[in-house]
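Notes to accompany the following structure.
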Amino acid sequence: EDQVTQSPEALRLQEGESSSLNCSYTVSGLRGLFWYRQDPGKGPEFLFTLYSAGEEKEKERLKATLTKKESFLHITAPKPEDSATYLCAVRVGDSNYGQNFVFGPGTRLSVLP
Amino acid sequence: GAVVSQHPSRVICKSGTSVKIECRSLDFQATTMFWYRQFPKQSLMLMATSNEGSKATYEQGVEKDKFLINHASLTLSTLTVTSAHPEDSSFYICSARAEGGTEAFFGQGTRLTVV
């Protein structure tokens, strides 16, 4: 069964205190790993897609990395506006029709001023 | 990025009535749309996947007669919650993907409250 887990469940950081969020996955037929940001009462906002081990992508204070079993979302010098739930999802399936996304439970990040 | 619009953002309905939620891709043709349900502080749970012009594929445990999905055009999918009950109260989110696309773009979500 395809599974995605994320840790920690919740994380409180002081402004400027860098940290990393983890996403571990056990899937067959991985077709990409996705990171999303979700603010309360809103739909997920796309951040990154990673396809192969060793791949890295950066956007402002965020950097996503991928290994064969997990992905990390590194947050450098976070600001209060980075507070949100960060969701990890993997795209699985063998055909374009059958592919879907399996989401992890998310990490609730709070950045205190 | 591509824009997916979901409407309404909030709806309150009486128990036993039906509610329709729309999901539109505004600047691309969405050959595949996904409908999710999210309970407070929990992640998204896929309900069904639909391809334009085809019947939706429902996940195990999702009642297809209760959650009617229509994907009649490349820019519009609808989810109708029929005979809604308080336990159907949740946050419903759609996402859309273009043919051959690798990313799915999400709507803003709909908060359904059944009273």
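Chain naming here is simple, since letters A, B, ... match the order of the sequence lines and numbering starts at 1 in each.
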Closest heavy-atom contact between A/Pro44 and B/Leu44? CG-CD2, 4.0 Å
Going only through I, L, V, M, F, W and Y residues with side-chain contacts under 4.5 Å, is there a path from A/Ile75 to A/Leu50? yes
To the nearest 0.5 Å, atom CG of A/Asp39 lies from atom CD of B/Gln108 at 13.0 Å
Connected via hydrophobic side-chain network under 4.5 Å: B/Met45 and B/Ile21: no
ILVMFWY network linking B/Leu79 to B/Val11, side-chain heavy atoms under 4.5 angstrom: yes
Taking the six-membered ring for Trp, are A/Tyr36 and B/Phe106 ring centroids under 6.0 Å apart? yes
side-chain contact (heavy atoms from CB on, under 4.5 Å) for A/Gln38 and B/Ile93? Distances and angles first, verdict last. CA-CA 12 Å; A/Gln38 186 176 26; B/Ile93 305 174; 3.7 Å; yes
Smallest separation among heavy atoms of A/Pro105 and B/Ser43, with atom names: CA-CB, 3.4 Å
Taking a hydrophobic cluster as the set of Ile, Leu, Val, Met, Phe, Trp and Tyr residues connected by side-chain heavy atoms closer than 4.5 Å, whether directly or through intermediates, do A/Phe72 and A/Val90 fall within one such cluster? no
Counting only non-hydrogen atoms closer than 4.5 Å, does B/Gln38 touch chain A with its backbone (N, CA, C, O), its side chain (CB onward), both, or neither? side chain
Answer with yes or no whether the hydrophobic clustering places B/Met33 together with B/Leu46; edges join I, L, V, M, F, W, Y residues whose side-chain heavy atoms lie under 4.5 Å apart. no
